[in-house]
Amino acid sequence: MAKISFFFLGFVLSVVYIVFASSWCYAFHGRETAETSHDDHHFTHTIKFTTLLPSTVCDSSSKANERKSSLKVVHKHGPCFQLNRDNKAKSSISHAEILRLDQSRVDSIHSRLSSKKQSGSRGGDIKETDASVNIPAKDGSVVGSGNYIVTVGLGTPKKELSLIFDTGSDLTWTQCQPCLGSCYEQTEPIFDPKLSETYTNISCSSSSCDLLKSGTGNSPSCDSSTCVYAIGYGDNSFSVGFFVTETLSLTPTDVFPKFLFGCGQNNQGLFGGAAGLIGLGRDQISLVSQTSQKYDKIFSYCLPSSSSSTGHLTLGNGGGSVSNSVKFTPLSTMSQRPSLYGLDVTGISVGGQKLSIPSSVFSSSGTIIDSGTIITRLPPTAYSSLKSAFQQQMSQYPTAPPLSILDTCYDFSKYENVTFPTISFSFNGGTEVEIDETGVFYASEVTQVCLAFAPNDNDGDVAIFGNVQQKTLEVVYDVAGGRVGFAPGGCS
Ligand SMILES: *[C@@H]1O[C@H](CO)[C@@H](O)[C@H](O)[C@H]1NC(C)=O
Ligand SMILES: *[C@@H]1O[C@H](CO)[C@@H](O)[C@H](O)[C@H]1NC(C)=O
């Protein structure tokens, strides 16, 4: 019976997948090097391009471990993640497919926000199909979620598990034995509740079970009085299983008994060999909320410059190590989905020149920051302004064909050094953030290097500050304080 219901829920999610999404990517394989130079006025970057191509060796020189309560962050597809070292074939996926999955995540964010806006209904129920009608359906064999991975301990004695972290969702889950529906292949052994002394099921009548509705967008169901969750992601991947409590060990000294998480019995999606996902949203069931007593709802991360280097995810204020150079902007909230991290973009500059985008463009779309969306999405009016300013300053380089959603591409194969304009974002409160040189392009290969921004379909769709543009920045989420901050050089 259990087996049938898990299959059924999985099927429903694979068809309807309304909640969230995901993506994966190689993005731009940059390494910060001595070859890099900055002009006096910080209006351009000059890079020896060949130093930015992928490396097959992991450079884990990041000082993540010097921060308190800090976890090392690696890219799902790079040599710093064990599975890829052992089995290269598993990580081969085309850039076009990566970008298609990225678009699925964005479509899912947009449809979830706009459907709830229109209907005012509770939304997100797996029976409400309206939210998903314009998302292309696909069989679940090639799916993925998020790009960046940390390793945590679960159970007593603890077992190490590598999980994708995602600021765009809330539930933390891992695949669990006996995999009543199905489990995909993962790097570490699949978590077995029978081998842990601290595993406890949550009953359907418990108030914790009720938290799933807002935490996953789907109402919980019940299996022999055990609470059952179901969460779907915009790229057609999903997890269904028991909602349980277990001891979570983030570091040897940061241990959380009775942590609420999903013990996934039917999981679909090639999560890049990761054992599951950590939800870092603002809902009550997120890691951020469940650990608030210790960390005061503060966390920060640095996404590495390339898939062959490492960054960090730090819970709390890092023992006071949060840099003085962090500049903050107020968090805002999307009423339709309050767990997402909203912020207010006020403008964009290219080569030190502020683009003339009417301020109403960003104020009417709104913007979220998301660790799981790869390419930054802009209102079409803002994108066309960015694109033409960028093209103007890149006119000396030969263009290349578009790559999926990316329409501004160049062939740099004949150049030793490439000079391109800096791009910076202004946020509410006067905070200005310059995108790192590794966050401007998405490179398929040196003959097709594309501006890593894309337009939304409509000016009304929410803009998304994606993870390519966040690379190497220290991004600080002070959720209790209602602000997000940025500083350069966060991974070093
Ligand atoms: C948890 O609940 C499931 C479904 O009711 C059951 O099969 C399993 O044995 C329970 N595990 C424990 C440790 O109680
Ligand atoms: C490329 O940049 C490096 C370092 O700035 C410089 O030494 C070299 O001369 C440049 N090459 C060309 C062809 O401009």
Side-chain angles (χ1 to χ4, degrees), residues 1-10 30-53 154-159 171-183 190-212 216 218-231 239-248 257-267 276 393-398 410-422 436-438 440-441 443 446 449:
M1 190 59 208
K3 186 157 186 149
I4 290 166
S5 70
F6 283 124
F7 271 126
F8 177 71
L9 281 167
R31 258 178 299 157
E32 296 199 63
T33 65
E35 288 89 344
T36 290
S37 74
H38 228 112
D39 72 2
D40 290 335
H41 305 288
H42 296 253
F43 294 158
T44 63
H45 299 285
T46 299
I47 290 185
K48 183 170 176 187
F49 221 79
T50 48
T51 62
L52 296 175
L53 293 173
L154 195 66
T156 313
K158 75 171 188 210
K159 295 286 191 301
L171 179 73
T172 297
W173 59 268
T174 187
Q175 302 201 101
C176 263
Q177 298 287 8
C179 298
L180 292 170
S182 76
C183 288
I190 290 171
F191 186 75
D192 188 350
K194 286 208 186 67
L195 303 180
S196 173
E197 292 158 18
T198 41
Y199 175 96
T200 315
N201 281 336
I202 289 172
S203 97
C204 306
S205 55
S206 150
S207 57
S208 301
C209 189
D210 297 335
L211 297 175
L212 287 171
T216 63
N218 297 321
S219 297
S221 49
C222 216
D223 183 291
S224 330
S225 82
T226 298
C227 182
V228 172
Y229 75 91
I231 188 163
S239 175
V240 180
F242 302 123
F243 194 45
V244 306
T245 67
E246 181 55 286
T247 299
L248 174 70
K258 297 200 168 62
F259 183 77
L260 298 166
F261 80 104
C263 192
Q265 296 295 332
N266 188 9
N267 315 283
Q393 298 189 43
M394 295 293 286
S395 55
Q396 74 270 37
Y397 296 108
Y410 298 92
D411 177 354
F412 291 148
S413 57
K414 305 229 158 46
Y415 299 83
E416 181 176 298
N417 297 334
V418 175
T419 297
F420 53 94
T422 58
D436 187 70
E437 63 199 19
T438 58
V440 172
F441 292 111
V446 74
V449 179

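Atoms within a ligand are numbered from 1 in the order they appear, just like the ligands themselves. Positions are given from 1, in the same order as the sequence printed here. As the structure is a computational prediction, the values presented were derived from the model and not from experiment.
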Does the side chain of Phe420 come within less than 4.5 Å of Phe412's, by heavy atoms?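 No, side chains not in contact.
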Quick one: look up the protein heavy atom nearest atom 5 (O) of ligand 1 and list residue, atom name and how far away it is.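 Going atom by atom, the protein heavy atom closest to atom 5 (O) of ligand 1 ends up being Thr226 OG1, 3.0 Å.
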Among all protein non-hydrogen atoms, which one is nearest to atom 9 (O) of ligand 1, and what is the separation to 0.1 Å?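 It is Asn201 ND2, 4.7 Å.
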Go through it in stages, so that I can follow the logic: the residues are Phe259 and Leu154, the test is side-chain contact (heavy atoms from CB on, under 4.5 Å), and I'd like the CA-CA distance, side-chain angles, deciding distance and then a yes or no. CA-CA 10 Å; Phe259 183 77; Leu154 195 66; 5.5 Å; no
Using a strict cut-off of 4.0 Å, indicate which atoms of ligand 1 neighbour a heavy atom of [X].
X: Phe242; value: 3 (C), 4 (C)
X: Asp223; value: 4 (C), 5 (O)
X: Ser224; value: 5 (O)

Pairwise distance CG(Leu180) to CZ(Phe242) - rounded to 0.5 angstrom: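 Those atoms lie 5.5 Å apart.
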Take atom 2 (O) of ligand 1 and look for protein heavy atoms under 4.0 Å from it; say yes if you find one, no if not.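 At least one protein heavy atom is under 4.0 Å away.
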Taking it one step at a time, do Phe43 and Gln393 satisfy side-chain contact (heavy atoms from CB on, under 4.5 Å)? CA-CA 11 Å; Phe43 294 158; Gln393 298 189 43; over 6 Å; no
Evaluate the criterion disulfide bond (SG atoms under 2.5 Å apart) for residue pair Cys227 and Cys222; output intermediate values, then yes/no. CA-CA 5 Å; Cys227 182; Cys222 216; over 6 Å; no
Would Lys48 count as a contact residue for ligand 2, given that I'm defining contact as a non-hydrogen atom of the residue lying under 4.0 Å from a ligand atom?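 No, Lys48 has no heavy atoms under 4.0 Å from ligand 2.
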Assess, by modelled atom type and distance only, whether the side chains of Asp411 and Ser413 contain a donor and an acceptor separated by less than 3.5 Å.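 Yes.
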